Amino acid sequence: MTVIRTAEARRTETPNAVMTTFASATQGGSQQAVWRVDMDPGAAGPVHAFDAEQVWTVLDGGAHITLDGETSTVAAGDTVIMPADVPRQIRTTDGLAAIVCAPATTRVHWTGAVPACASADGAKILPGWVA
């Protein structure tokens, strides 16, 4: 059994959100990464895709999530299953808090420079909150 204490949670800030990592491969060898996303009102993430399915559960606030050109609005209590390799963007109006789970091997398809919160992994990047 691995217990990850609150003090061991890792915080990663981007221009769009704050991710707090609760479990990952570097925090006890988990095969899953689990993190919290907090976005301020009016924030919008970049268009990107992950190479693995993600499950998002909205804890507070809400968002407009565009997956492969189709937009859905989600609110507290909703769960979204985002398929692998599909372009996505998340935009908030009133802010968002969500818990996300994905395989610890997940990588992002990125079409620009590798952001400071990630490291290059071939043609993909490893986000700091997944590592």
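These numbers come from a predicted model, not from an experiment.
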Quick one: do V80 and V55 satisfy side-chain contact (heavy atoms from CB on, under 4.5 Å)? Show the steps, please.
CA-CA 6 Å; V80 179; V55 178; over 6 Å; no

Test F50 against V86 for side-chain contact (heavy atoms from CB on, under 4.5 Å), laying out the working first.
CA-CA 7 Å; F50 278 85; V86 173; over 6 Å; no

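I65 contributes atom CD1, which lies 9.0 Å from atom CG of D78 (distance to the nearest 0.5 angstrom).
When all heavy atoms of N16 and A43 are compared, the pair lying nearest together is O-CB, 3.5 Å. Between C101 and Q32, the shortest heavy-atom distance links the atoms SG-OE1, 3.5 Å. Among all heavy-atom pairs drawn from I4 and A23, the shortest one is CD1-CA, 3.9 Å. Minimum heavy-atom separation, L96 to G62: CB-O, 3.9 Å.
For the pair T14 (side chain) and A17 (backbone), a donor-acceptor distance under 3.5 Å is present. The backbone N or O of T105 sits less than 3.5 Å from a side-chain atom of R107, completing a donor-acceptor pair. For the pair Q27 (side chain) and E8 (backbone), a donor-acceptor distance under 3.5 Å is present. Not a single donor-acceptor pair under 3.5 Å links the side chain of T93 to the backbone N or O of G42.
In this model, a donor atom of one side chain and an acceptor atom of the other lie less than 3.5 Å apart for T73 and H64.
Taking the side chain as every heavy atom from C-beta outward, W35 and R10 never approach each other to under 4.5 Å. R36 is listed as a side-chain neighbour of D38, based on a closest heavy-atom distance under 4.5 Å. The side-chain heavy atoms of F22 and I99, taken from C-beta on, include a pair separated by under 4.5 Å. Between I90 and W56, the closest side-chain pair of non-hydrogen atoms falls below 4.5 Å. In this structure, the side chains of V18 and W129 stay at 4.5 Å or more apart for every pair of heavy atoms. Proximity of R88 to Q54: side-chain heavy atoms (C-beta onward) are separated by under 4.5 Å at one or more points. Inter-residue side-chain proximity for V130 and S24 is flagged as unmet; no heavy-atom pair is nearer than 4.5 Å.
Put simply, L67 and M39 are part of the same group of oily side chains (I, L, V, M, F, W, Y) that touch within less than 4.5 Å, one to the next.
Listed by first and then second residue, the salt bridge (Lys or Arg N to Asp or Glu O under 4.0 Å) pairs that reach into residues 89-106 come to none, sequence neighbours excluded. Sorted by first and then second residue, the salt bridge (Lys or Arg N to Asp or Glu O under 4.0 Å) pairs with a member in residues 43-69 read D51-K124; sequence neighbours excluded.
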